[in-house]
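All values below were derived from every heavy atom in this structure, side-chain atoms included, with hydrogens, water molecules and symmetry-related copies excluded. Keep in mind that what you see is a predicted model, and the values were worked out from it rather than measured.
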Amino acid sequence: MSQISLTFPDGAKRAVPAGTTGLDVAKSISSSLAKRTVAMSLDGKLADLAAPIKADAAIKFLTRDGAEVLDLIRHDAAHVMAEAVQALYPGTQVTIGPVIENGFYYDFARDEPFTPEDLPKIEAKMREIIARDQPFACEVVSREKAKRVFKDKGEIFKLELIDAIPEGEDVKLYSQGEWLDLCRGPHMTSTGKVGNGFKLTKIAGAYWRGDPSRPMLQRIYGTAWASEDDLKAYLHQLEEAEKRDHRRLGREMDLFHFQEEAPGAVFWHAKGWALFTALIGYMRRRQNAWGYVEVNSPDMMERTLWEQSGHWEKFGDHMYVTETPDERVYACKPMNCPGHVQIFKHGLKSYRDLPLRIAEFGKVHRYEPSGALHGLLRVRHFTQDDAHIFCTEDQITEECVKLNEQMLSIYRDFGFTDVRIKFSDRPEKRVGADAVWDKAEAALKRAVEAAGLEYELNPGEGAFYGPKLEYVLRDAIGRDWQCGTIQVDLNLPGRLGAFYIAPDGEKTVPVMIHRAMFGSLERFTGILIEHYAGHLPLWLAPVQAVLATIVSDADDYAGQVLAALQDAELRAEADLRNEKINYKVREHSLAKVPVLLVVGRREVEESKVSVRRLGSEKQEVMTLDAAVQMLAEEAVPPDLR
Ligand SMILES: [Zn+2]
Ligand SMILES: [Zn+2]
């Protein structure tokens, strides 16, 4: 029998007969290793531990607590759930059950609807199956046999799945005791390895194969983790996320709304717009200090220009297009870049004009399927803090190093200190010479290394026109949000005919760096609301202080207090209603007003105010002057301190 060579993570090599299983290898090392191991990876690809190893490979034994195994736990849990459902509800057909982020689902065909009360029953049955700890056994069968197996069981959906398996691919059945499923695998060694860290979370409808003309199935979602503690932490995060949902907070704080006639478009109310413009004001000051010029480019431009830029072909499905009575076709801009190139091209540019940093708070329009829309986090019409830096190849590095510092400084000002960077380099299909790619990639690498940051490399994931950095912010409850991007573009300026005059007098195509820091202002606003759970820092709060009277005798004095606050440029309102003070406090707390200034008879007599902070029971009595000065200082944006 032919020998193959296995390489272990420590570099050790061993020759074994071809066809030896991972389990055999593990056992030959130690029985405790064999017991601990739930799966293996061969050249980085997960495989059943019991699978025969056919060729030379780098082998790694995986235990239950390894990060690579989490998806196996979830996948195995889906099989266990399917068995539990069929045991409890005979006649139910199984269809598909993939792993998703944080968990899994399985789609079932059953006439009667599942109800939330079914979930604990199914969970209990799953625990029985897990306790039975049957091995997952894989059998490769012929298509005919697979079809016969499922036909005999009355599983018509599986027949269609078998037909869809590409010719030449193995058809595999995975059994766990009596129950079996059609599956590509791999699986862990037995059902017991699923453990206790799972929970079924919800029921939803889903069409077979996502096709509305096919039968409606019932989808049961679950989440699964390596341990009960991990599960608890995740459920806690969900609960926290629910409390922080920006859609609810947006309503309670009276910031914005959506309505059916304008899907994916925000109706900003006065308070929401105050927050939005505070963000723009902040970014504008910073950009000015960093040597940007701010411009504004047309919302609609003719089809010919989008064809030239490549958007018509590559991005057409996402574009809003309109035809005017003079029979010209226009598209709403899905990106600001082509407009900025037109501005660059207007008037002859020399190398002395570079780097030219052009910024715009540009509103872009991108059609997204309605199912993908989600509050402010995913809209169809949004404002980018967009900028394009036109520079020479030699300037790429310096510009990227600066951009990286600026990015991190911006995020710090909004309370994001845990920032991860993803670096995507050249894809197989690309434009531009390799030498320029070398330069562009090295520039981005230097930018992150100069900041002493670790980055995750996504090999081959760059855009076809250049490499990119993506900035991922971790919020207060541990969720990750991708916000800023830096992309070096070796394509578009040339495509749109941009050039500058180099020192040697030659017309030379500039490099274009695309960058956005907030990304989408709408989305960033949503992220901020959730990050702060509505308790925005004073400089961002739409209403910074409300002045609330206890008695109507205080109304005149309240007028003075309000004027003093507004003179200090604080966004303040007065609440003179004839309501109990506790009622007023509750209402303004719900609206997340950070500071309440309470005035009653005593405050009037002494020219003082009682200061109450959001979320605190304490009141601090201060002179009016002291209170105004304190709040005015606190309301200074971080870049002006
Ligand atoms: Zn499976
Ligand atoms: Zn761009």
Side-chain angles (χ1 to χ4, degrees), residues 71 74-75 78 81 94-110 113-116 119 157 160-161 164 200-223 234 237-238 241-242 244-251 255-268 272 311 314-322 331-335 363-384 470 472 475 479-483 485 519-527 529-530:
D71 277 353
R74 290 168 182 162
H75 182 68
M81 174 170 80
V94 286
T95 65
I96 56 157
V99 168
I100 51 173
E101 196 183 1
N102 302 321
F104 59 92
Y105 68 76
Y106 213 114
D107 286 349
F108 299 100
R110 178 179 180 234
F114 289 112
T115 66
L119 298 184
F157 294 93
E160 201 176 319
L161 291 178
L200 303 185
T201 49
K202 65 176 178 191
I203 304 162
Y207 291 108
W208 169 233
R209 316 220 93 182
D211 180 349
S213 69
R214 312 292 306 271
M216 172 67 96
L217 306 170
Q218 299 186 64
R219 175 171 297 177
I220 301 182
Y221 285 97
T223 183
Y234 171 70
Q237 193 193 58
L238 274 192
E242 172 85 32
R244 288 160 184 263
D245 191 322
H246 72 281
R247 293 166 298 182
R248 187 170 54 74
L249 287 170
R251 199 160 52 238
L255 301 179
F256 58 84
H257 81 268
F258 290 90
Q259 66 187 53
E260 218 9 79
E261 294 84 348
V266 190
F267 289 81
W268 285 109
H311 286 85
K314 292 256 156 49
F315 211 72
D317 291 348
H318 296 280
M319 283 160 71
Y320 288 83
V321 176
T322 183
C332 293
K333 61 177 171 185
M335 297 184 196
K363 189 154 193 182
V364 294
H365 309 269
R366 298 179 189 174
Y367 176 78
E368 302 270 1
S370 58
L373 302 177
H374 180 88
L376 295 176
L377 299 178
R378 190 90 180 256
V379 289
R380 288 176 176 169
H381 313 274
F382 58 96
T383 313
Q384 292 179 313
E470 293 168 318
V472 180
D475 76 4
R479 294 174 302 175
D480 287 339
W481 305 94
Q482 197 227 297
C483 289
T485 54
S520 141
L521 273 123
E522 283 75 2
R523 182 163 175 275
F524 196 74
T525 305
I527 294 169
I529 294 169
E530 299 207 355

Step by step, would you call R523 with L377 a side chain to side chain contact (heavy atoms under 4.5 Å, CB included)?
CA-CA 4 Å; R523 182 163 175 275; L377 299 178; 4.1 Å; yes

What do the steps show when you test Y105 against M81 for side chain to side chain contact (heavy atoms under 4.5 Å, CB included), and what is the final call?
CA-CA 9 Å; Y105 68 76; M81 174 170 80; 5.7 Å; no

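- Contact detail for R219 and A206: the closest heavy-atom pair is NH2-CB, 3.4 Å.
- With hydrogens and angles ignored, the 3.5 Å screen pairs no side-chain donor or acceptor of T223 with any backbone N or O of G103.
- In this structure, Q259 places its CD atom where more than 12 heavy-atom neighbours from other residues, nucleotides or ligands lie under 6.0 Å away.
- Expressed to the nearest 0.5 Å, how far CG of L255 lies from OG1 of T525 amounts to 9.0 Å.
- Between atom CG of residue L119 and atom OG1 of residue T201 there is a gap of 8.0 Å, rounded to the nearest 0.5 Å.
- The two atoms that bring A78 and G97 nearest to each other are CB-O, 3.8 Å, heavy atoms only.
- Put simply, CZ on R366 and CZ on F382 are 4.0 Å apart, with the number rounded to the nearest 0.5 Å.
- Contact record, G250 with F256: CA-CE2, 3.7 Å, taken as the closest heavy-atom pair.
- Between Y367 and Y320, the ring planes lie perpendicular to each other; the angle is over 60°, past the 30° to 60° tilted range.
- In this structure, the ring of F104 has its center no less than 6.0 angstrom from the ring center of Y106.
- One N or O on the side chain of Q218 and one on the backbone of F114 form a donor-acceptor pair closer than 3.5 Å.
- Annotation: the span from D107 atom CG to I220 atom CD1 amounts to 9.5 Å, rounded to 0.5 Å.
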May I have the step-by-step check of side chain to side chain contact (heavy atoms under 4.5 Å, CB included) for R214 and F157, ending in yes or no?
CA-CA 11 Å; R214 312 292 306 271; F157 294 93; over 6 Å; no

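- To the nearest 0.5 Å, atom CZ of residue R244 and atom CG of residue L249 are 9.0 Å apart.
- With values rounded to the nearest 0.5 angstrom, I527 atom CD1 is found 9.0 Å from R479 atom CZ.
- Between P334 and the options M319, H318, H365, a side chain to side chain contact (heavy atoms under 4.5 Å, CB included) holds for only M319.
- A donor-acceptor contact shorter than 3.5 Å is absent between the side chain of T383 and the backbone of L521.
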Candidate pair R247 and D245, rule salt bridge (Lys or Arg N to Asp or Glu O under 4.0 Å), full reasoning
CA-CA 5 Å; R247 293 166 298 182; D245 191 322; 2.7 Å; yes

Between L217 and Y207, is a side chain to side chain contact (heavy atoms under 4.5 Å, CB included) present by the stated rule, with each step listed?
CA-CA 6 Å; L217 306 170; Y207 291 108; over 6 Å; no

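- By the 4.5 Å heavy-atom criterion applied to side chains, E368 and P263 are not counted as neighbours.
- Using a 4.5 Å heavy-atom cutoff, the side chains of F108 and V94 are in contact.
- Between the side chains of E530 and W481, no donor N or O sits under 3.5 Å from an acceptor N or O.
- Taking both residues in full, the closest heavy atoms of R378 and A372 are given as CG-O, 3.1 Å, listed atom of the first, atom of the second, then distance.
- Heavy atoms only, all atoms of each residue included: A265 and H381 are closest at CB-CD2, 3.6 Å.
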